[in-house]
2 protein chains.
Amino acid sequence: MIKKSFPVESDTETINIDQQVYEQIKRAIFDHRLPPGTKLTEEKLSDLFAVSRERIRKVLQRLSYDKCVSLKPNRGAYVAQPSVQEARDVFATRGLIESHIVELVVQNATEADYAHLEQNIAREYAAHQQGRLNEAIALSGEFHLLLAEISRNIVLLDILRDLVARSSLIIAMYGRQSFSLCGYEDHQVFLKRLKTRQVQQAKKLMQEHLRTLEAQLYFEARSARDIDLTEVFKPKA
Amino acid sequence: MIKKSFPVESDTETINIDQQVYEQIKRAIFDHRLPPGTKLTEEKLSDLFAVSRERIRKVLQRLSYDKCVSLKPNRGAYVAQPSVQEARDVFATRGLIESHIVELVVQNATEADYAHLEQNIAREYAAHQQGRLNEAIALSGEFHLLLAEISRNIVLLDILRDLVARSSLIIAMYGRQSFSLCGYEDHQVFLKRLKTRQVQQAKKLMQEHLRTLEAQLYFEARSARDIDLTEVFKPKA
DNA sequence: ATGCTTGACATTGTGCACAATTAATTTTAG
DNA sequence: CTAAAATTAATTGTGCACAATGTCAAGCAT
């Protein structure tokens with residue numbers, strides 16, 4: 001017990017630094033503070049967070065696995081610019097997976113689970129009323145993840161975590177200013193159907209919910225400065 | 001043009017080294033040459049492949065994202081030991097996703113696509129007949145991925161790639177010696193249904209196919225040495 | 001004999017310095 | 001004045017050395 005000077009401090013803080021930097025950058029991307037295409041220079045980030053460059057490097061690599069940043073060899077890291085195709089595929093896949101999650105939830109949900117869902121909705125409502133929009137958005141995403149947790153399928157949860165994150169980025173890229181998101185009312189009605197075990201209606205609601213989200217994107221009228229020239233002039237495809 | 005001594009050599013080879021090491025390790029895991037739980041020491045691997053330790057480190061990290069190795073802080077890397085729960089979830093998720101892929105394939109497949117599928121089956125058959133079992137297994141997995149490609153949904157393809165890889169690991173862990181895998185006949189019959197646009201039958205075949213796979217695993221009668229104590233004694237489950 | 005502390009060893013983790021690559025700018029020849 | 005070539009600058013990539021951490025075994029006390 002003599003050797004270790006401050007075990008708690010060195011241990012926990014060191015472990016969390018990676019995670020903290022990771023989450024801060026991710027949050028910044030989802031809050032539109034870092035629009036798609038923004039260059040993420042390793043040195044600038046390392047200065048900004050007061051950590052070493054290799055730590056940033058590791059975080060950026062992790063973010064690239066999440067498809068939140070694209071890593072171009074010897075060119076650096078950029079906030080990802082999901083293609084229209086990718087955007088459509090993400091939402092289509094969410095429809096498939098979340099419909100199935102709804103079935104599993106109706107099968108498996110306990111009273112405690114429903115309580116958690118209600119709590120989440122309440123917090124989302126509060127955040128909405130008090131104008132904390134970013135928090136409301138985050139909670140809205142968490143509602144979907146909460147359902148995945150209740151489905152008791154770890155793999156589906158992992159996949160959906162990924163898809164929800166990418167959805168945020170897609171909305172940042174293609175969403176209008178007046179993007180309404182999941183209304184919390186949607187979640188409220190949905191939960192009611194869930195509790196009364198109306199599986200088919202719940203599934204339908206979920207699919208509509210996602211379709212509404214997707215319908216609010218505008219894939220066509222992109223301003224010139226947003227266009228990725230590489231995408232436009234690439235040889236084939 | 002004078003400065004660059006051998007641009008092609010340095011470029012392509014350097015880029016591929018990571019990929020090559022990655023694939024060799026992954027292949028070794030799937031071919032049962034590295035059983036689940038095997039310790040993967042950074043230094044040994046770097047000596048073995050004659051590359052630097054940091055390169056190995058990066059590859060191991062990537063493999064941990066694929067859930068093929070588990071990285072324990074300050075303890076090293078081990079070939080992953082998927083839990084029974086995870087195994088079940090992987091197959092359940094494959095059922096969901098691949099059923100949907102079947103629908104998309106019937107909608108989108110061109111003649112060229114069907115030709116590719118037939119080619120794959122032929123090669124799988126040949127590998128089987130000539131006793132190249134590992135190759136047959138790989139081709140069998142590729143058949144499923146080929147379907148995902150034809151579905152024209154990039155996200156589904158990515159997810160399935162992941163799940164197929166994890167399936168290999170699960171089979172390595174829980175499969176009997178006499179594991180029969182996807183018989184190539186299954187694929188043959190399946191393709192016939194596909195071509196005649198018999199969607200429901202094709203979907204049913206796919207689901208049966210996966211269920212057969214899963215049924216050949218034995219989760220119960222594990223020998224004592226295989227039991228993961230962490231799993232047994234974990235606080236709440 | 002059992003349990004705890006201590007020290008040596010092995011392995012992983014991190015920061016730094018330098019190499020390699022690419023983009024931008026300037027130079028130079030036609 | 002234009003265009004190709006060469007230089008320069010900025011940024012990423014890699015290997016090395018050292019620090020931190022965890023494991024194992026031996027010794028000591030109970």
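No experiment lies behind these values; they were computed from the predicted model shown. Throughout, a chain's letter reflects where its sequence line sits, starting with A, and its residues are numbered from 1.
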Sequence neighbours excluded, which residues qualify as side chain to side chain donor-acceptor pair (under 3.5 Å) partners of B:Lys44? none
Would you mind reading off the distance between A:Asp47 atom CG and D:dT12 atom P, rounded to a whole angstrom? 12 Å
Atom-pair distance (CD1 on A:Ile56; C1' on D:dG13), nearest Å: 16 Å
Rounding to an integer number of Å, can you tell me how far B:Leu40 CG sits from C:dT11 C1'? 14 Å
Please enumerate all residues that pass salt bridge (charged side-chain N to carboxylate O under 4.0 Å, His left out) together with A:Asp31, with sequence neighbours excluded. A:Arg33
Please state whether the phosphate of C:dT14, meaning OP1 or OP2, lies under 4.0 angstrom from any side-chain nitrogen or oxygen of A:Lys58. yes
How would you list, by chain and number, every residue that makes a salt bridge (charged side-chain N to carboxylate O under 4.0 Å, His left out) with A:Glu42, sequence neighbours excluded? A:Arg53, A:Arg57
Distance, rounded to the nearest Å, where A:Asn74 contributes CG and C:dT21 contributes P: 7 Å
Examine D:dT12: is either OP1 or OP2 under 4.0 Å from a nitrogen or oxygen in the side chain of A:Arg57? Give yes or no. no
Counting the atoms with a prime plus P, OP1 and OP2 as sugar-phosphate, which does A:Lys44 contact under 4.0 Å by heavy atoms, base, sugar-phosphate, or nothing? nothing
Can A:Arg94 and A:Glu98 be counted as an ion pair, charged N to O under 4.0 angstrom? yes
Under the salt bridge (charged side-chain N to carboxylate O under 4.0 Å, His left out) test, which residues partner A:Arg166, sequence neighbours left out? A:Glu86, A:Asp162
It should be established whether B:Arg75 places a side-chain nitrogen or oxygen under 4.0 Å from OP1 or OP2 of nucleotide D:dT23. yes
Can you name the ring-ring contact (aromatic ring centres under 6.0 Å, His included) partners of B:Tyr65, sequence neighbours left out? A:Tyr65
Using a cut-off of under 3.5 Å, enumerate the N/O to N/O pairs linking the protein to nucleotides 15-18 of chain C.
unit_1, atom_1, unit_2, atom_2, d
C:dG15, OP2, A:Ser52, OG, 2.5
C:dC16, N4, A:Glu54, OE1, 2.5

Tell me: CG of A:Leu60 to P of D:dT11, nearest whole Å? 14 Å
A:Lys39 NZ to D:dT11 C1': how many Å, rounded? 6 Å
